Amino acid sequence: METSLTDYLEILNPAQREAVTVPEGNLLVLAGAGSGKTRVIVHRIAWLISHQLMVAYSVLAVTFTNKAACEMKSRLSELLGREADGMWVGTFHGLSHRLLRLHWQEAQLPESFQVIDGDDQLQVIRRLFKTLGVNEDRFDAKKVQGYINRKKDEGIRANQLLSAENPYEKVQQEVYLQYEKICTESGLADFAELLLRSYELLKNNPELLTHYQARFSHVLVDEFQDTNAIQYQWLLLLAGQAKSVTVVGDDDQSIYGWRGAKIENIRRFEREFKGTRLIRLEQNYRSTSTILAAANALISHNGSRFGKTLWTEGEQGDPITIYAGFNEEDEALYVVRAIREWLNQSGTADEIGILYRSNAQSRVLEEALVRAGISYSIYGGLRFFERAEIKDALAYLRLVVNVADNTSFERVINVPPRGIGDRSLEKITELAAEHHCSYWEAAKKAIELRVVSGKIETSLRGFVSLIENLCVAVPSDSLTQLIDVVIRNSGLLRYFREQEGEKAQNRAENLEELINAANDFEAEYPVEDNLSPLTAFLSYTSLEAGERKNGTGDAAVQLMTLHSAKGLEFPLVFICGLEDGLFPHHFSRENPSALEEERRLCYVGVTRARKKLYLTYAEKRRVFGRDEDRHPSRFLREFPEHLIQEVHRKVSVSVRTPFVGSAGMSGSGADGSNEGYRLGQRVVHPKFGEGTVVDHEGSGERTRVHVQFDVYGSKWLALAYARLEPA
DNA sequence: GTGTAGGTGGTTTTT
DNA sequence: CCACCTACAC
């Protein structure tokens with residue numbers, strides 16, 4: 001590694017080099033998209049260590065996503081030439097979790113506390129609605145969930161709230177209060193709790209705080225614009241006085257305001273962290289000047305910016321293409337055509353990113369890609385550890401770790417069905433309330449007291465002994481063995497196996513995959529911080545819900561939301577669905593600051609592109625199964641015209657409306673004659689076999705259609721001569 | 001208590 | 001358009 005650091009410094013530009021080599025003190029790096037943000041953090045750590053200004057042990061590096069944390073770790077070990085021993089690198093949530101595991105007593109948590117994700121949290125709230133008798137027509141559990149998380153993100157506990165006069169607010173407060181109680185009793189911590197609790201841990205334990213303040217002499221934060229109130233407080237607390245805190249961020253890429261992120265934190269940092277030095281990184285190494293100019297023009301429509309103009313020495317490149325699809329399927333077909341073109345010009349599929357505002361948009365795009373035989377992979381939708389059957393299996397394990405976990409108890413008591421229905425569960429919960437004990441204890445009492453009928457008693461006994469046996473096995477069996485036992489002895493695996501249908505079989509396979517996941521986990525995650533493998537695994541499944549990737553092959557087109565695209569780049573980028581109401585999303589219609597966030601999201605999307613950018617929208621879109629007229633997004637009008645090339649489709653076509661006359665021919669199509677061909681229609685040709693209509697041109701006798709044949713590839717055929725028939 | 005047929009109501013983004 | 005939920009029949 002002796003070659004390295006001087007050489008590495010040379011590839012940095014002056015501003016980057018300055019940021020990397022500022023010796024001590026607080027540093028704010030305002031870094032535009034593609035200007036080498038992460039690189040600065042990583043190099044700064046390496047530089048400080050190599051100049052013996054600090055040791056790895058005193059580094060705390062925080063990121064926002066797991067993806068980013070992994071990236072940082074691997075770049076660090078590459079640069080340092082070894083594993084970054086003793087460094088704390090991770091997400092806010094991950095690091096908070098680690099603190100809480102190490103100091104669970106001081107944090108007033110049970111040793112076996114469990115991390116729950118948003119879904120679990122919602123379940124707890126729903127059940128609370130029932131026990132509190134909250135009117136579910138007037139109160140939305142999701143809204144209350146949002147309320148609770150918002151409060152926690154602001155660092156406010158239920159008992160710190162002033163009691164509200166507004167009856168609506170009052171109910172929310174009450175649910176919050178009871179929710180906290182349940183979490184305490186059952187040993188559960190949601191995501192926001194991790195942050196708040198670890199903040200309180202440090203705040204309330206001066207000697208711990210002093211220890212960590214002394215230890216982490218250097219704190220570095222990536223994507224600082226995404227920090228929320230409690231994360232900021234956490235940093236401020238941990239940094240203490242006169243420390244060396246480096247934060248890197250871009251106010252123009254703040255896209256998590258809805259989750260409590262505060263851009264103002266950047267200004268606050270400058271004010272509240274003494275002697276902060278400000279460095280701007282404005283040179284972009286990623287995009288063509290055209291793309292960059294478009295991005296700059298777009299973002300200039302936002303007020304209240306820090307002010308920063310990205311520039312590049314890169315070439316001008318192609319203009320940005322805007323395509324107006326007839327409907328969303330036409331839009332997708334256009335994307336496919338453009339991808340083909342890219343591939344034909346010796347581009348590869350993994351150079352392509354298709355971005356959209358909401359996950360729901362992915363399906364039509366996927367279908368078009370499948371039909372075109374282009375391999376793709378998707379980030380989004382259900383992650384592995386979020387699947388219902390997986391959560392079922394994990395709930396058994398959670399119950400084993402902590403029998404007082406009523407939520408998990410409720411989840412699995414009758415999954416798979418074992419004859420313990422609503423009525424029996426009700427009896428158990430009543431017993432639990434009566435004896436102030438957990439559902440688990442109540443279930444055993446129910447057997448003793450014979451409050452359930454014989455048949456149910458038998459199943460209940462079976463359930464109890466299942467869990468007890470597992471409890472016995474925990475210390476001796478490996479994680480992999482445990483899970484194997486759970487899915488077999490609980491009957492879960494058999495339950496899905498015996499069901500008809502692909503879905504059920506998939507679920508069975510997922511359960512088996514869970515065994516592999518546990519196996520991998522055991523191999524890759526050596527027990528750290530003396531956590532039991534089982535607890536570590538369960539936390540891992542909540543905190544990092546697993547790869548969001550599913551789809552085909554390696555060299556694949558990547559589909560994802562604009563949010564998950566942050567931090568990535570692609571030579572070729574499509575942003576789809578640039579329509580009023582979709583992007584910007586109608587939720588942000590009335591709220592100017594929400595609209596600005598949408599614009600930043602668009603800015604993020606645009607700046608993902610290196611060489612070529614396509615922006616598409618549809619004039620009609622199916623929403624809730626209804627065709628709706630749509631209008632182009634206002635953002636499209638904010639790009640300077642000279643950077644844009646608008647592509648118009650040749651004819652008004654629709655997948656649902658026929659576009660050309662039938663085999664009889666003479667039909668002009670103008671009268672909407674029915675038996676014509678449609679885009680996307682399956683057809684059959686005597687010689688080429690079956691295929692799909694993907695395009696057409698001309699009219700009347702000169703109509704030609706472009707057919708993608710399953711076997712013979714794509715061909716243009718004159719409709720008048722080709723003996724084409726609907727398949 | 002369990003399973004299925006219909007109706008219903010709901011789409012932002014994520015640690 | 002879909003996944004979820006309620007209402008019924010077993």
Side-chain angles (χ1 to χ4, degrees), chain A residues 62-69 90-97 115-119 121 126 136-137 140 142 145-146 149 152-153 189-196 223 226-228 230-231 254-261 328 355-364 367 379-383 385-386 388 413-426 452-453 455-456 459 495 499-501 503 539-540 542-546 548 560-566 577 581-589 591 594 597-598 600-602 604-605 621-628:
Chain A
V62 194
T63 66
F64 206 65
T65 65
N66 293 311
K67 216 192 316 184
T91 64
F92 276 104
H93 292 87
L95 297 172
S96 295
H97 174 251
V115 181
I116 58 171
D117 67 16
D119 276 347
Q121 185 185 33
R126 287 224 171 96
E136 293 194 57
D137 295 331
D140 181 3
K142 276 196 186 142
Q145 180 185 24
N149 288 335
K152 287 194 181 187
D153 282 344
D190 59 55
F191 288 141
E193 183 70 28
L194 295 175
L195 301 176
L196 180 51
E223 307 279 15
D226 288 327
T227 52
N228 65 27
I230 194 70
Q231 288 162 338
S254 165
I255 55 174
Y256 287 101
W258 50 276
R259 209 169 71 188
E328 75 276 14
L355 314 181
Y356 36 77
R357 177 66 238 264
S358 74
N359 280 311
Q361 286 169 255
S362 71
R363 192 157 79 217
V364 180
E367 280 169 8
Y379 290 83
L382 266 197
R383 306 189 220 187
F385 292 115
E386 284 171 356
I413 181 68
N414 200 30
V415 175
R418 48 171 74 86
I420 304 168
D422 290 348
R423 194 64 257 280
S424 308
L425 181 63
E426 216 172 284
V452 289
S453 69
K455 211 167 125 196
I456 294 168
S459 333
Y495 175 66
Q499 269 177 47
E500 299 285 316
K503 248 200 216 156
S539 302
Y540 165 78
S542 304
L543 238 35
E544 300 179 44
R548 291 182 141 256
M560 68 189 81
T561 63
L562 288 143
H563 281 87
S564 28
K566 192 162 75 158
L582 182 59
F583 193 23
H585 199 271
H586 62 262
F587 274 30
S588 51
R589 191 184 302 268
N591 185 343
E597 179 152 317
E598 294 281 311
R600 290 193 293 269
L601 188 57
C602 189
V604 166
R621 184 176 293 272
R622 242 163 195 230
V623 185
F624 295 141
R626 280 226 164 302
D627 272 337
E628 268 185 22

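When reading the values below, keep in mind they use all heavy atoms of this one structure, side chains included, and skip hydrogens, waters and symmetry mates. Lettering follows sequence order; numbering is per chain, from 1. The structure displayed is predicted, hence computed values, not measured ones.
Of the residues near DNA chain B, Asp422(A) and Thr561(A), the one whose nearest nucleotide (by heavy atom distance) lies more toward the 5' end is Asp422(A). Judged by closest nucleotide on DNA chain B, Ile456(A) is the one of Ile456(A) and Leu601(A) placed further toward the 5' end.
Using a 4.0 Å heavy-atom cutoff across all strands shown, Asn414(A) reaches sugar-phosphate atoms only and no base atom. Nucleic acid contact class of Arg600(A) (heavy atoms, under 4.0 Å, all strands): none. No contact: Ser542(A) has no heavy atom under 4.0 Å from any strand. At the heavy-atom level, Ser564(A) lies under 4.0 Å from the strands shown only through sugar-phosphate atoms. Heavy atoms of Arg423(A) sit under 4.0 angstrom from primed sugar atoms or phosphate atoms, though from no base atom. Tyr256(A) comes within 4.0 angstrom of sugar-phosphate atoms only, judged by non-hydrogen atoms across all strands, and of no base. Using a 4.0 Å heavy-atom distance criterion, Lys503(A) is classed as making no nucleic acid contact. Among the heavy atoms of the strands lying under 4.0 Å from Phe64(A) are primed sugar atoms or P, OP1, OP2 only; no base atom is included.
Put simply, the side chain of His585(A) and the base of dT12(B) share no donor and acceptor less than 3.5 Å apart.
Rounded to a whole Å, the CD atom of Gln499(A) is 12 Å from the C1' atom of dT4(B). The interatomic distance linking His586(A) (NE2) with dG10(B) (P) rounds to 13 Å, in whole Å. Rounded to an integer number of Å, the gap from CG of Asp119(A) to P of dT15(B) is 13 Å. Rounded to whole Å, the distance from CZ on Phe624(A) to P on dT12(B) is 8 Å. Following rounding to the nearest Å, His563(A) (NE2) and dT11(B) (P) show an atom-to-atom distance of 17 Å. The CG-P distance, from Leu194(A) to dT14(B), rounds to 19 Å in whole Å. Protein atom NZ of Lys455(A) is 8 Å distant from nucleotide atom C1' of dG1(B), rounded to whole Å. Here dT12(B) presents its C1' atom at 15 Å from CG of Leu355(A), a figure rounded to the nearest Å.
Between dG1(B), dG3(B), dT14(B), one nucleotide has an atom nearer to the side chain of Ser424(A) than all others, and that is dG1(B). Among dT14(B), dT2(B), dT15(B), the nucleotide with an atom closest to any side-chain atom of His93(A) is dT15(B). For Thr91(A), whose side chain is taken as the heavy atoms from C-beta onward, the closest listed nucleotide among dT14(B), dT15(B), dT11(B) is dT15(B). Minimum atom distance to the side chain of Pro417(A) is reached by dG3(B), of the listed dG3(B), dT11(B), dT14(B). Distances were taken from every side-chain heavy atom of Arg363(A) (C-beta onward) to each of dT11(B), dC2(C), dT14(B); the shortest belongs to dC2(C). Side-chain proximity of Arg357(A) to dT13(B), dT15(B), dG3(B): nearest is dT13(B). The side chain of Lys142(A) sits closest to dT11(B) out of dT11(B), dT12(B), dG3(B). Distance from the side chain of Ser358(A) is smallest for dT12(B) among the nucleotides dT12(B), dT2(B), dT15(B). With dT12(B), dC1(C), dT14(B) as the candidates, the nucleotide lying closest to the side chain of Arg622(A) is dC1(C). Listed nucleotides: dT14(B), dT12(B), dC2(C). Nearest to the side chain of Arg383(A): dT14(B).
Under the side chain to side chain contact (heavy atoms under 4.5 Å, CB included) criterion, Gln231(A) pairs with Phe64(A), Phe92(A), His93(A), Leu195(A), Thr227(A), Asn228(A), not counting sequence neighbours.
The side-chain heavy atoms of Glu426(A) and Ser424(A), taken from C-beta on, include no pair separated by under 4.5 Å. Looking only at side-chain heavy atoms (C-beta outward), Asp153(A) and Leu196(A) stay at 4.5 Å or farther from each other.
Applying the 4.0 Å criterion to OP1 and OP2 of dT15(B), one finds that Asn66(A) has every side-chain N and O outside that range.
Under a 3.5 Å cut-off, the side chain of Gln145(A) and the backbone N or O of Gln121(A) do not form any donor-acceptor pair.
Stacking here means ring centres nearer than 5.5 Å and ring planes tilted less than 30 degrees, and by that measure Phe92(A) does not stack onto dT15(B).
A salt bridge is absent between Asp226(A) and Arg259(A): the closest approach of a Lys/Arg side-chain nitrogen to an acidic carboxylate oxygen does not fall below 4.0 angstrom. The pair Arg383(A)-Glu544(A) does not meet the salt-bridge criterion, since no charged nitrogen lies less than 4.0 angstrom from a carboxylate oxygen.
Between Phe587(A) and His585(A), the ring planes are perpendicular. Angles over 60° get that label, and only those under 30° would be called parallel.
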